[in-house]
Amino acid sequence: MSLVRKAVIAGNWKMHMNCAEALAFSQSFRAQVENLPEDRQVVIAPPYLAIPTLSEALSGTPVAIAAQNVHWEEKGAYTGMVSAPMLLEHGVTHAIVGHSEPRKYYSETDEQINMRARTAQHYGLIPILCVGESLDQREAKETERVIHRQVEQGLEGIDSGRLIVAYEPIWAIGTGKTCAAEEANRICGLIRGWVGNPEVIVQYGGSVNPATIDDLMAQPEIDGALVGGASLDPIGFGRIVNYQVPVGAG
Ligand code: 13P
């Protein structure tokens with residue numbers, strides 16, 4: 001971890017946690033961030049419906065709130081969607097775009113993802129652009145080509161100074177198979193080069209847990225994590241956000 005880049009540890013709750021559960025989480029998690037070191041930021045992306053509850057419950061803490069997606073229009077006939085101004089009303093500061101789940105289940109394209117990222121930035125939200133290869137693509141040695149394309153198309157017209165990129169290999173998501181720290185480091189370095197801004201925050205995501213976080217964060221090109229399942233437990237996620245890197249590493 002470079003001294004100039006502040007680490008960002010983000011929890012993506014996906015379709016978990018109603019308002020009551022989010023409130024219970026926040027009551028326990030508050031204590032976990034009471035002495036959070038200054039070199040890092042914590043973000044949580046709850047389901048849309050839990051955003052107002054969580055945002056209020058964690059106000060006054062160093063935890064920022066993200067949306068799990070954002071529409072590219074500010075309003076209109078888009079049934080089921082949520083816009084950037086609606087998120088701003090509840091104190092949201094970040095928006096995940098291009099996660100592999102909407103890419104897969106709702107056929108999101110790089111062009112749509114780019115529009116979402118642009119709109120997010122237009123409204124002052126920091127996009128967290130997710131990129132990553134499938135197992136088939138990795139085995140076919142297409143990893144670099146796939147991610148390069150996702151970065152190039154996803155970031156067209158984007159200000160790289162207000163951006164986070166998350167490297168999430170699809171085969172590592174929800175499988176318990178964390179990518180080896182050195183390999184995640186290599187890909188995160190490539191991504192930073194393709195973005196063309198040495199200051200950009202590049203996270204790793206995919207089965208991050210309390211046992212793997214320290215090794216990942218000791219890698220010089222990895223500036224944070226995007227955590228799914230392990231972010232649902234306030235104590236376990238507390239250990240993750242309070243990761244420890246040996247002196248001299250990172
Ligand atoms: P898991 O941490 O559950 O593997 O999920 C990763 C992810 O998709 C975060 O966005």
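Worth knowing before you read on, the calculation uses all heavy atoms, side chains too, and leaves out hydrogens, waters and symmetry mates. Order of listing sets the numbers, starting from 1, for every ligand and every atom in it. On a predicted model such as this, the values are computed, not experimentally measured, just so you know.
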> Salt bridge check: are R149 and E152 linked by an N-O gap of less than 4.0 Å?
Replying inline: no

> Between R162 and G124, what is the shortest heavy-atom contact and its length?
Replying inline: NH1-CA, 4.4 Å

> How close do Y167 and I191 get, heavy atom to heavy atom, and via which atoms?
Replying inline: CB-CD1, 3.7 Å

>> Less than 4.0 angstrom from a charged side-chain N to a carboxylate O is my criterion; do E133 and K141 meet it?
In response: no

>> Does this structure show an ion pair linking E168 with R103, if we count only N-O contacts that are shorter than 4.0 Å?
In response: no

> Among pairs that include at least one residue of residues 16-36, which meet side-chain hydrogen bond (donor to acceptor under 3.5 Å, both in side chains), considering only residues two or more places apart or in two chains?
Replying inline: none

Extract all N/O-N/O pairs under 3.5 Å that connect ligand 1 to the protein, and present each with both atom names and the distance rounded to 0.1 Å.
unit_1: ligand 1; atom_1: 2 (O); unit_2: S207; atom_2: N; d: 3.4
unit_1: ligand 1; atom_1: 2 (O); unit_2: G228; atom_2: N; d: 2.9
unit_1: ligand 1; atom_1: 3 (O); unit_2: G229; atom_2: N; d: 2.8
unit_1: ligand 1; atom_1: 4 (O); unit_2: G174; atom_2: N; d: 2.6
unit_1: ligand 1; atom_1: 4 (O); unit_2: S207; atom_2: N; d: 2.7
unit_1: ligand 1; atom_1: 5 (O); unit_2: K14; atom_2: NZ; d: 3.2
unit_1: ligand 1; atom_1: 8 (O); unit_2: K14; atom_2: NZ; d: 2.8
unit_1: ligand 1; atom_1: 8 (O); unit_2: H99; atom_2: NE2; d: 2.8
unit_1: ligand 1; atom_1: 8 (O); unit_2: E168; atom_2: OE1; d: 3.4
unit_1: ligand 1; atom_1: 10 (O); unit_2: N12; atom_2: ND2; d: 3.0
unit_1: ligand 1; atom_1: 10 (O); unit_2: H99; atom_2: NE2; d: 2.9
unit_1: ligand 1; atom_1: 10 (O); unit_2: E168; atom_2: OE1; d: 3.2
unit_1: ligand 1; atom_1: 10 (O); unit_2: E168; atom_2: OE2; d: 3.0

